[in-house]
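Comments concern the structure below.
Convention: sequence-line order gives letters A, B, ...; per-chain numbering from 1.
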Amino acid sequence: MTVLRLAYESLRSRMFTTGLTIFSIALSVLLLVGVDRIRQGTQVGFEGTLSQTDLVVGARGGSLPLLLYAVFHIGTANNDISYASYHHFANHPAVLWTIPLSMGDSHRGFRVVATDDNFYEHYRYRGNHNLQFAQGSRAEGIFDAVLGSAVANQLHYHLGQQIVLSHGLQASFLKHTADPYTVVGILARTATPVDRGIYITLWGDEAMHLGWENGAPPLTAIPESQIHKSDLHVKTISAFLLRTRSRMSTLFLQREINTYQPEPLTAIIPAFTLEDLWSVLGAADVALSLVSGAVLVVGLLVMLTALYTSLNERRREIAVLRTLGLHARQIFALFILESSLISAVGAAFGLAAAYLVLFAIRIPVENRYGIPLAMVGFSARVAYYMAAVVVAGALLGFIPAIRAYRNALVDGLNAG
Amino acid sequence: MITAPEAVYLKNVVFGYDLRTPVLRVDELVVATGKRVFLYGPSGSGKTTLLGLITGVLTPQQGSCTVLGKDITKMSAPARDRHRGSEMGYIFQSFNLIPYLTVRQNVALPCHVHKRRRLNMVAHTVDKEVERLVARLGLEVYLDRNVKKLSTGQQQRVAIARAVIGKPSLVIADEPTSSLDADRRADFLELLFEVCDEAQATLVFVSHDRSLMERFEEHIALRDISRGCA
Ligand SMILES: Nc1ncnc2c1ncn2[C@@H]1O[C@H](COP(=O)(O)OP(=O)(O)O)[C@@H](O)[C@H]1O
Ligand SMILES: [Mg+2]
């Protein structure tokens with residue numbers, strides 16, 4: 001008890017070096033834990049974005065790009081699929097539901113997704129959460145639009161607002177000036193990329209491009225009042241989500257879609273594709289962890305240097321403690337305690353900082369980059385890092401402690 | 001506690017910091033209980049080394065050291081440390097104090113480390129006892145100050161308080177006045193005597209400065225007891 005008190009007071013008196021050492025250890029723990037938490041946070045975030053969907057289907061192409069643009073609004077679809085193919089699989093006996101998705105337009109940097117009621121009905125995230133409306137209701141009319149919560153928040157839009165959509169994903173690129181859409185609903189926050197979408201009907205998507213020739217808008221816009229659902233025929237969509245009646249049929253259905261004769265299609269199982277993504281990112285994760293590990297080594301060496309250089313000026317202190325009846329072993333313990341305290345406090349600060357940073361960047365990262373970053377708790381890996389830092393600190397403390405122990409025995413009362 | 005007739009009794013002691021070159025050879029050293037003893041000898045003659053043997057910080061290669069009734073050469077290292085801490089107070093020439101503690105914390109240390117010192121206190125709590133002693137030495141305003149802010153003379157008085165708190169049976173002072181101005185030495189010695197008397201402690205006072213000698217009732221020249229090896 002006395003020794004612990006001594007260790008504490010001794011460290012406190014060397015506030016500056018102690019502070020620097022704690023800071024450098026905290027920094028390395030922040031990096032180590034931060035990298036790990038962000039990795040797990042994005043994993044949980046990505047995995048939570050889509051649930052209960054067995055297959056994601058798009059035009060023939062890479063599975064990762066398909067998943068990224070269809071679900072996470074990252075990248076673009078290289079090809080559309082015909083509505084006929086969609087219709088075929090939507091009515092397939094093994095299929096429980098489908099959600100059609102048609103993308104390619106945007107509004108001030110946010111993607112416009114044309115879909116139908118199935119989206120509001122069947123889309124699930126983080127297990128069994130379904131979409132809720134914060135205000136208003138589903139888009140039903142041709143020129144109705146529903147906003148994700150981040151869109152409404154950032155653009156300060158409200159129900160009844162007229163918005164103009166642009167063709168393509170770059171803002172202000174070929175605006176569909178003539179046909180404004182009306183906001184009829186705003187979704188509740190989901191903390192997934194859904195928040196960053198603007199949802200219109202499939203007819204709305206067709207209407208937007210009515211009269212277009214070869215990718216160019218008509219010279220004079222067709223007035224809204226003259227467009228009716230019966231005139232519009234949905235010919236293509238970008239992708240669709242699909243749920244099978246029984247999980248067992250997923251693999252068969254996947255094969256059937258992938259070998260569908262009338263049109264080349266790709267069906268992916270989202271969880272498997274995400275696994276591929278993580279293994280790609282795993283290398284970056286390892287690299288970052290190695291860098292953080294190196295920073296940790298530096299932090300611990302800073303501590304060792306600080307403790308070791310203080311040894312000489314502390315010889316007299318040790319001799320005094322010996323006359324007070326402290327055993328040489330207690331002198332040893334004093335130095336081990338000092339290094340352990342430094343590394344434990346450094347690790348604790350680093351851990352707290354990591355979670356604070358994660359908490360602080362979560363919303364901005366989600367809003368700015370559309371990367372869902374879940375707030376994740378403690379993990380075995382974090383516990384392991386913490387233990388490793390404290391144990392490494394204590395072990396490094398052995399070096400000055402052994403020196404101090406020897407000094408205590410050799411110096412006798414003639415130290416200093 | 002059993003009061004042995006002699007507080008310190010060394011017999012045929014040989015000690016060297018390394019085994020081949022002995023620094024001290026003491027055939028016999030006796031310090032009677034309750035006496036104030038002045039131990040003198042030139043610098044480097046082995047006075048501090050002798051104190052190391054008496055306190056049990058050092059162990060002799062040969063011979064026996066009986067201190068306060070116990071042969072410390074037969075004790076385990078931890079038992080020796082406990083014996084020293086609970087029964088002896090020690091004052092160095094300078095830098096006696098733990099630099100990162102306050103006056104109060106420094107003086108209280110022996111009581112926190114050893115139950116025996118706590119039991120021997122006059123006041124009921126460690127804090128009260130520290131305050132009593134520090135006031136006795138005229139340092140009450142400095143109680144919660146960091147010891148580095150004190151002058152050398154004040155630091156030495158704090159060292160006295162720490163040496164005598166909890167009434168140790170033996171107080172050892174290794175040239176405690178060497179770092180003081182000549183006119184302060186007498187006052188220091190006076191205080192030391194007073195508090196040692198109050199604690200009923202035997203005092204072994206080491207110095208190479210024989211001007212203080214006549215204040216002591218017993219004198220030992222290291223030259224006389226040690227067949228000088230250094
Ligand atoms: N820790 C030590 N290690 C090795 N030699 C020492 C040590 N302390 C003292 N000595 C040597 O022992 C001799 C006696 O020293 P010391 O007991 O300090 O004398 P004094 O206190 O009378 O000045 C000296 O020659 C000194 O160099
Ligand atoms: Mg000396």
Side-chain angles (χ1 to χ4, degrees), chain A residues 1-19 21-22 306-307 309-335 337-339 341-342 400 402 404-416, chain B residues 15 17-18 23 44 46-59 76-102 105-106 108-117 146-148 159 162-163 165 168 172 174-175 206:
Chain A
M1 202 50 228
T2 312
V3 177
L4 183 64
R5 188 71 203 268
L6 284 173
Y8 169 74
E9 294 289 351
S10 151
L11 288 177
R12 221 179 55 132
S13 76
R14 283 173 286 130
M15 205 57 137
F16 187 69
T17 41
T18 304
T21 320
I22 286 176
L307 285 180
T309 47
S310 74
L311 265 179
N312 256 336
E313 64 199 57
R314 297 183 69 183
R315 285 180 100 129
R316 171 47 66 97
E317 173 193 332
I318 293 168
V320 171
L321 291 175
R322 289 280 286 149
T323 65
L324 293 176
L326 261 71
H327 316 320
R329 268 178 284 141
Q330 286 175 296
I331 307 289
F332 185 84
L334 174 65
F335 280 80
L337 270 178
E338 286 188 15
S339 67
L341 275 177
I342 287 182
I402 288 170
Y405 178 85
R406 282 240 281 305
N407 287 350
L409 291 182
V410 169
D411 283 349
L413 300 173
N414 258 331
Chain B
F15 176 83
Y17 285 96
D18 64 88
V23 175
K47 302 184 296 294
T48 302
T49 306
L50 180 64
L51 296 182
L53 291 167
I54 293 171
T55 53
V57 169
L58 304 171
T59 38
S76 68
R80 245 189 344 258
D81 293 328
R82 212 173 311 120
H83 185 55
R84 167 175 60 252
S86 53
E87 302 286 357
M88 301 176 220
Y90 197 97
I91 306 169
F92 287 91
Q93 175 177 341
S94 56
F95 305 114
N96 272 285
L97 306 176
I98 305 298
Y100 47 81
L101 299 181
T102 61
Q105 290 168 325
N106 261 287
L109 265 177
C111 292
H112 289 311
V113 182
H114 298 285
K115 197 173 169 209
R116 164 78 49 86
R117 301 281 283 260
N146 188 290
V147 296
K148 279 179 286 188
R162 193 182 60 198
I165 195 167
I172 297 172
D174 188 1
E175 315 212 28
V206 166

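- For chain A, the nearby parts of F95(B) are the backbone and the side chain; heavy atoms of each come within less than 4.5 Å.
- Dense packing is recorded around OH of Y17(B), with more than 12 heavy atoms of other residues, nucleotides or ligands lying under 6.0 Å away.
- Looking only at heavy-atom pairs under 4.5 Å with chain A, the residue among N146(B), T59(B), N96(B) that has the most is N96(B).
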### L413(A)/L58(B) under side-chain contact (heavy atoms from CB on, under 4.5 Å): CA gap, chis, key distance, verdict
CA-CA 9 Å; L413(A) 300 173; L58(B) 304 171; over 6 Å; no
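- If you tally non-hydrogen atom pairs under 4.5 Å between each of T49(B), D174(B), D81(B), L101(B) and chain A, the highest count goes to D81(B).
- Using a 4.5 Å cut-off between heavy atoms, R162(B) contacts chain A through its side chain alone, with no backbone atom that close.
- Side chain of R84(B) to backbone of R322(A): a donor-acceptor contact under 3.5 angstrom is found.
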### Task
Would you please test Q105(B) and R5(A) for side-chain contact (heavy atoms from CB on, under 4.5 Å) and show each step?
CA-CA 10 Å; Q105(B) 290 168 325; R5(A) 188 71 203 268; 3.3 Å; yes
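- Residues R82(B) and H327(A) approach most closely at N-CE1, 4.4 Å, considering heavy atoms.
- Taking every heavy atom of both residues into account, H114(B) and L324(A) meet most closely at NE2-O, 3.0 Å.
- For R329(A), the part sitting under 4.5 Å from any heavy atom of chain B is the side chain, from C-beta outward, and nothing else.
- Between chain B and the residues L11(A), T323(A), L409(A), L321(A), the largest count of heavy-atom pairs under 4.5 Å involves T323(A).
- Partner of V320(A) under the side-chain contact (heavy atoms from CB on, under 4.5 Å) criterion, out of L109(B), I98(B), N106(B): I98(B) alone.
- Geometrically, R316(A) engages F92(B) in a cation-pi contact, judged by NZ or CZ lying under 6.0 Å from the ring centre and within 45° of the ring axis.
- Looking only at side-chain heavy atoms (C-beta outward), L326(A) and V113(B) come within less than 4.5 Å of each other.
- The greatest number of non-hydrogen atom pairs below 4.5 Å with chain A, out of G52(B), A163(B), P78(B), G56(B), is found for P78(B).
- Considering only heavy atoms from C-beta on, R314(A) comes within 4.5 Å of Y100(B) through its side chain.
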